[in-house]
Student: 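Got a structure here, written out as structure tokens. Questions coming.
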Amino acid sequence: MINVKENAELNVLNHSCAHLMAQAIKRIHPHALFWVGPVITEGFYYDIDLGDTVLSESDFPKIEAEMKKISKDGKRIIREEISKEEALERFKNDPYKLDLINNMEGVTITTFKQGEFEDLCRGPHVESVKELKFYKLLKVSGAYWKGDANNKMLQRVYGICFDTQEALDQHLYLLEEAKKRDHKKLGKELGLFMMSEFGPGFPFWLDKGMILRNILENFWYEEHTKEGYQFIKTPIMLSQELWEVSGHWFNYKENMYISDVDDRQFAIKPMNCPGGMLVYKNDLHSYKDLPLRVGELGLVHRHEASGALNGLFRVRTFTQDDAHLYMTPDQVEGEIVRLIAFFDRVYKLFNLNYTIELSTRPEEKYIGSIEVWDESERILESACKKSGHTVKVNPGDGAFYGPKLDFHLQDSLGRAWQCGTIQLDMNLPERFDLTYVDSDGSKKRPIMLHRVIFGSVERFIGILIEHYAGAFPLWLSPDQVRILPVNAEFHHDYALQLKEKLVEAGLRVEVDERNEKLGYRLREAQMKKIPVQLVIGDGEVENGSVNVRRYGSQATESLSIQDLIDSLVKEVKEKR
RNA sequence: GCCAUCAUAGUUCAAUGGUAAAAUAGAGCAAUGGUAAUGCUCAGCUCCGAGUUCGAUUCUCGGUGAUGGCACCA
């Protein structure tokens, strides 16, 4: 995907296009009032107050036609600097512009005018509306005024503009490709998971999806074992008192599912940490035990807003690949360097590129001293640098309990996903009074980190589905090999023997012996994106070979059974 | 939660104020096949509730769910 925002020329083009769209809408709906129309990563939008008029995508052709007319007319776009008084006078009938003007202090106020349409704007713009030729309106939605849910909702129209027809076509093509990869669609087609209206936001995992999940989770356990983690499983339901200690009862209650058990209230856990704290406190810890790395694939439930639900990307129950790390202050930096290397290894395996962002102390709502925050942020940043990463800083974006590093993954279509995170927690160790015994026999407070690599297993699988477009590498693929006997009857025995040998070697294999022509069965195997298809007929039976065709390739290759097994087993082992 | 759009066989979809066309998947029969669809037959559907109407799958309202955004967020 093209990042319009980072390309100065496209940026200007898109912003001018937003004005062009506003002008067209104003012509069609003279009562329209406009809030702001910025450029975003992919195009632009404009927030519009149309009173009772409702825009829908079916209005786009009309608006686009009007835009074309204005563009053809070719008015110049004229910049004008005006005084605040002049601005207030000129836009006196527009409450939205007045709001903007009244909030402008010590800046030059400029307007841009094209024909009859004038808009308050910082610019810059293209010279003339003539330059705006290759654009498309994409979607319409509601958006809160000033992004505040307490405010009224405006209508937001999205569009995008390019400097050539080819670039526009390319973009629209990528949007279509993304649709084809939609994990909700592929998940259904490949039998990975399902949704039911009886459980909105609660995915059902199907046979093939469970295979994928189990592979990922086993992989996770193996890698964490290598990294010196121990594993626990904490209950999904715990009493109110615990959530009061952790603070969730006061800060997160509206997102928790709560139930009466005997005479007490219990909550289903929205996070794993409080349970993890209890495990830590179950033992006395020596400084010699640190750093202590405790992992949990923890099933959590959160009552997410109904409108937020989205396939596997946003669900109400999910499994976090969580871990809590406890350490002494002087172990923090080394531990984070180690974590970053670990994250790197995992993401690389999936061919996912990533960037790291550091979120720092919030302006107002935070606990602990500024000195400790500054020191923690310094350590996080320095660990990134030592790992050879540049860090983007998001000032004030940290949690109230500590700063964090977020890992933003880029999938094969260039889209970004926030998955991994490393968070320093200055809150829970205090609340739960965590201690370890130091070398001098005194009790000390450990530093605690939360961290996830996948983020949630569900979301990560959703990303993988779209990233691979459903065609998983061999080691991840729920179905690895499909055996296709040319004639179900004649080649039956050979097919079963072959399957047995492959299964013996640890591969996931099915024989398709249905009474259908080879082409028919092969087509289905291709559509199910099964990595390896083995055709066996008279020739293969005769010389004990297999005919191999890989997903996505037309080429076929003849191999001995042993060579096939060796190469597939090697491929799985190397996680290719 | 908010705004908008949508809801028809397992799936993908057509049509209609007089209970619905098709493809694909499924079952049966015939065909014994060499790298993306063999033919025939059968069976299967209007999300839930109310209203308008002689009659509603179609119109209206409410509910539920989904999709695209907003707000929230792993």
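Within every chain, numbering begins at 1; the chains are lettered A, B, ... in the order of the sequence lines, protein sequences first and strands thereafter. Heavy atoms only: backbone and side chains are in, while hydrogens, waters and symmetry mates are out.
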Student: For the C1' atoms, the ones on rU46(B) and on rG10(B), what distance do you get once it is rounded to whole angstrom?
Tutor: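 Rounded to whole Å, the distance is 16 Å.
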
Student: Checking S567(A) side chain against L564(A) main chain: does a donor-acceptor pair fall under 3.5 Å?
Tutor: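 Checked: pair present.
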
Student: Taking any heavy-atom pair under 4.0 Å as a contact, classify G519(A): base, sugar-phosphate, or nothing.
Tutor: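 The answer is sugar-phosphate, as G519(A) gets under 4.0 Å only of primed atoms, P, OP1 or OP2.
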
Student: ring-ring contact (aromatic ring centres under 6.0 Å, His included), that's the test. Do Y96(A) and W145(A) meet it? Break it down for me.
Tutor: CA-CA 10 Å; Y96(A) 294 100; W145(A) 181 45; 5.8 Å; yes

Student: Please work out if R314(A) contacts a base, only the sugar-phosphate, or nothing of the nucleic acid, heavy-atom cut-off 4.0 Å.
Tutor: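 Touches a base.
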
Student: Can you tell me how far C1' in rG63(B) sits from the matching atom in rA71(B), rounded to whole Å?
Tutor: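 rG63(B) and rA71(B) have their C1' atoms separated by 24 Å.
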
Student: Starting the side chain at C-beta, find the nucleotide from rA31(B), rC70(B), rA74(B) nearest to Y144(A).
Tutor: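 Of rA31(B), rC70(B), rA74(B), rC70(B) is nearest to the side chain of Y144(A).
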
Student: Listed in order of residue number, which residues of residues 191-213 of chain A have a non-hydrogen atom at under 4.0 Å from RNA chain B?
Tutor: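 Of all residues in residues 191-213 of chain A, the ones placing a heavy atom under 4.0 Å from RNA chain B are E197(A), P200(A).
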
Student: Just compare rG68(B), rU35(B), rC70(B) and give me whichever is closest to any side-chain atom of A143(A).
Tutor: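 Of the options given, the side chain of A143(A) lies nearest rC70(B).
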
Student: What contact category does V300(A) fall into here, base, sugar-phosphate, or nothing, at under 4.0 angstrom with non-hydrogen atoms?
Tutor: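 Since no nucleic acid heavy atom lies under 4.0 Å of V300(A), the category is nothing.
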
Student: Contact class for N515(A) vs. all strands (heavy atom < 4.0 Å): base, sugar-phosphate, or nothing?
Tutor: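 N515(A): base contact, heavy atoms under 4.0 Å.
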
Student: In whole angstrom, what separates M271(A)'s CE from rA74(B)'s P?
Tutor: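 To the nearest whole Å, that distance equals 7 Å.
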
Student: Less than 6.0 angstrom from the centroid, inside 45 degrees of the normal: does R156(A) satisfy that with respect to the ring of Y45(A)?
Tutor: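 Judged by the rule (NZ or CZ under 6.0 Å from the ring centre, within 45° of its axis), R156(A) counts as positioned above Y45(A).
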
Student: Ignoring hydrogens and angles, does a donor from either the side chain of R302(A) or the base of rC72(B) sit under 3.5 Å from an acceptor on the other?
Tutor: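 Counting by modelled atom types and ignoring angles, no donor-acceptor contact under 3.5 Å is found here.
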
Student: Any N or O donor-acceptor pair linking the side chain of R156(A) to the base of rC70(B) at under 3.5 Å?
Tutor: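 Answer is no: no donor-acceptor pair is held.
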
Student: May I have the step-by-step check of side-chain hydrogen bond (donor to acceptor under 3.5 Å, both in side chains) for D425(A) and H324(A), ending in yes or no?
Tutor: CA-CA 10 Å; D425(A) 193 329; H324(A) 297 107; over 6 Å; no

Student: Could you state the atom-to-atom distance from CG of L138(A) to C1' of rU5(B) in whole Å?
Tutor: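 That distance rounds to 16 Å.
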
Student: Measuring only the P atom in each nucleotide, how far is rG1(B) from rU41(B)? A whole number of Å is fine.
Tutor: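 Each nucleotide's P atom is 50 Å from the other's.
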
Student: Please tell me which of the listed nucleotides, rA36(B), rA74(B), rG69(B), lies nearest to the side chain of M527(A)?
Tutor: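 The answer is rA36(B), which lies nearest to the side chain.
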
Student: Can you tell which of rU35(B), rA71(B), rA74(B) lies closest to the side chain of A308(A)?
Tutor: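 The answer is rA71(B).
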
Student: Calculate the interatomic distance between E542(A) atom CD and rG34(B) atom P; express it in whole Å.
Tutor: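 To the nearest whole Å, that distance equals 17 Å.
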
Student: List every contact pair, protein side and nucleotides 25-27 of chain B side both N or O, where the distance is under 3.5 Å.
Tutor:
{"from": "rA25(B)", "atom 1": "OP1", "to": "Y520(A)", "atom 2": "OH", "distance (Å)": "2.4"}

Student: If you only use heavy atoms from C-beta on, which nucleotide in rG33(B), rU35(B), rA74(B) is closest to the side chain of L522(A)?
Tutor: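 Ranking rG33(B), rU35(B), rA74(B) by closest atom to the L522(A) side chain puts rU35(B) first.
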
Student: Among the candidates rA36(B), rA74(B), rG69(B), find the nucleotide nearest to the side-chain atoms of R549(A).
Tutor: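 Ranking rA36(B), rA74(B), rG69(B) by closest atom to the R549(A) side chain puts rA36(B) first.
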
Student: Under a 3.5 Å distance rule, please check whether Q533(A) uses its side chain to pair with a backbone N or O of N547(A) as donor and acceptor.
Tutor: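 Pair absent, no side-chain N/O of Q533(A) close to backbone of N547(A).
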
Student: Do any side-chain nitrogens or oxygens of K188(A) fall under 4.0 Å of OP1 or OP2 in rU12(B)?
Tutor: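 Result: yes.
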
Student: Has K365(A) got its NZ or CZ under 6.0 Å from the middle of the six-membered ring of F400(A), at an angle within 45 degrees of the ring axis?
Tutor: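 Checked: cation-pi criterion met.
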
Student: Please figure out whether K517(A) or M153(A) has its closest RNA chain B nucleotide nearer the 5' end.
Tutor: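 Comparing both residues, the 5'-ward one is M153(A).
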
Student: Going by heavy atoms in the side chains, are E524(A) and R514(A) under 4.5 Å from each other?
Tutor: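 With C-beta onward as the side chain, the pair touches.
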
Student: Could you check how far CD of E489(A) sits from P of rA30(B), rounded to whole Å?
Tutor: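 Atom-to-atom, E489(A) to rA30(B), this comes out as 13 Å.
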
Student: Looking across every strand, which nucleic acid part, if any, lies under 4.0 Å from G311(A) by heavy atom: base, sugar-phosphate, or nothing?
Tutor: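 Answer is sugar-phosphate: G311(A) comes under 4.0 Å of backbone atoms only.
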
Student: Scan side-chain atoms only and decide if Q410(A) and N353(A) contain a donor-acceptor pair under the 3.5 Å cut-off.
Tutor: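 Note: Q410(A) and N353(A) side chains miss the donor-acceptor criterion.
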
Student: Is the distance from the ring center of F460(A) to that of W417(A) below 6.0 Å?
Tutor: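 Not close enough - the centres of the two rings lie 6.0 Å or further apart.
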
Student: Whole-Å distance between rG68(B) P and K179(A) NZ?
Tutor: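 After rounding, the reported distance stands at 10 Å.
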
Student: Mind checking F460(A) for me? I need base, sugar-phosphate or nothing, with any heavy atom below 4.0 Å counting as a touch.
Tutor: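 Counting heavy atoms under 4.0 Å across all strands, no contact is made by F460(A).
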
Student: With the side chain of E304(A) defined as its heavy atoms from C-beta on, choose the nearest nucleotide among rG69(B), rG34(B), rC73(B).
Tutor: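 Nearest to the side-chain atoms of E304(A), counting from C-beta on, is rC73(B).
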
Student: Please state the P separation for the pair rA9(B) and rU5(B) - nearest whole angstrom.
Tutor: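 Here rA9(B) and rU5(B) have their P atoms 23 Å from each other.
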
Student: For a quick check, tell me whether the side chain of N310(A) and the base of rU67(B) share a donor-acceptor pair closer than 3.5 Å.
Tutor: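 By the distance-only test, no, there is no pair.
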
Student: Does the side chain of D406(A) pick up a donor-acceptor pair with the side chain of T421(A) at under 3.5 Å?
Tutor: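 Note: D406(A) and T421(A) side chains meet the donor-acceptor criterion.
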
Student: Walk me through it: do F162(A) and Y135(A) pass the test ring-ring contact (aromatic ring centres under 6.0 Å, His included)?
Tutor: CA-CA 6 Å; F162(A) 287 97; Y135(A) 48 80; over 10 Å; no

Student: With nearest nucleotide decided by heavy atoms, which residue, K184(A) or R459(A), maps closer to the 5′ end of RNA chain B?
Tutor: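 It is K184(A) whose nearest nucleotide is closer to the 5' end.
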
Student: Mind calculating the distance between CG (L137(A)) and P (rG69(B)) to the nearest angstrom?
Tutor: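 Between P of rG69(B) and CG of L137(A): 16 Å.
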
Student: Calculate the interatomic distance between Y45(A) atom OH and rA4(B) atom C1'; express it in whole Å.
Tutor: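 Taking OH of Y45(A) and C1' of rA4(B), I get 17 Å after rounding.
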
Student: In whole Å, what is the span from the CG atom of D397(A) to the C1' atom of rC72(B)?
Tutor: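 Taking CG of D397(A) and C1' of rC72(B), I get 13 Å after rounding.
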
Student: Any donor-acceptor pair under 3.5 Å between the side chain of E540(A) and the base of rG34(B)?
Tutor: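 When only heavy-atom distances are counted, E540(A) does reach the base of rG34(B) through a donor-acceptor pair under 3.5 Å.
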
Student: Are side-chain heavy atoms of D512(A) and I483(A) found at a separation under 4.5 Å?
Tutor: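 D512(A) vs I483(A): side chains apart.
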
Student: For a quick check of understanding: with a heavy-atom distance under 4.0 Å over all strands, which category does V54(A) fall into, base, sugar-phosphate or nothing?
Tutor: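 If one applies the 4.0 Å heavy-atom cut-off, V54(A) turns out to touch the sugar-phosphate alone, with no base involved.
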
Student: Would you mind checking if K152(A) and D49(A) are paired as a salt bridge, meaning a charged N to carboxylate O distance below 4.0 Å?
Tutor: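 So D49(A) pairs with K152(A) through a salt bridge.
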
Student: Using a cut-off of less than 4.0 Å, is there contact between a side-chain N or O of Y158(A) and OP1 or OP2 of rC70(B)?
Tutor: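 Yes, within the criterion.
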
Student: Report which part of the nucleic acid N255(A) touches: base, sugar-phosphate, or nothing (heavy-atom distance under 4.0 Å, all strands).
Tutor: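 Result for N255(A) = nothing.
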
Student: At 4.0 Å (heavy atoms only), tell me whether G539(A) reaches a base, stays on the sugar-phosphate, or touches nothing.
Tutor: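 The answer is base, as G539(A) lies within the cut-off (heavy atoms under 4.0 Å) of a base atom.
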
Student: Charged N to carboxylate O below 4.0 Å: is that the case for K269(A) and E296(A)?
Tutor: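 Salt bridge present between K269(A) and E296(A).
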
Student: Pick the C1' atom in rG26(B) and in rU12(B), then give their distance to the nearest Å.
Tutor: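 My reading of the C1' atoms in rG26(B) and rU12(B) gives 16 Å.
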
Student: Under 4.0 Å between a side-chain N/O of S306(A) and OP1 or OP2 of rG1(B), yes or no?
Tutor: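 Yes, S306(A) has a side-chain N/O under 4.0 Å of OP1/OP2 on rG1(B).
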
Student: If you look at every strand shown and take non-hydrogen atoms under 4.0 Å, does D148(A) touch a base, only sugar-phosphate, or nothing?
Tutor: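 No contact.
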
Student: What stems, by residue range, does RNA chain B take part in, given at least 3 consecutive Watson-Crick or G-U pairs under 3.5 Å?
Tutor: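 So the stems come out as B:1-7 with B:64-70, B:10-12 with B:22-24, B:26-30 with B:38-42, B:47-51 with B:59-63.
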
Student: Determine whether the side chains of K348(A) and N351(A) contain a donor N or O and an acceptor N or O closer than 3.5 Å.
Tutor: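 Per modelled atom types, K348(A) and N351(A) side chains form no pair under 3.5 Å.
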
Student: With the threshold set at 4.0 Å, does a side-chain nitrogen-carboxylate oxygen contact exist between R482(A) and E510(A)?
Tutor: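 A salt bridge is present here (some side-chain N lies under 4.0 Å from a carboxylate O).
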
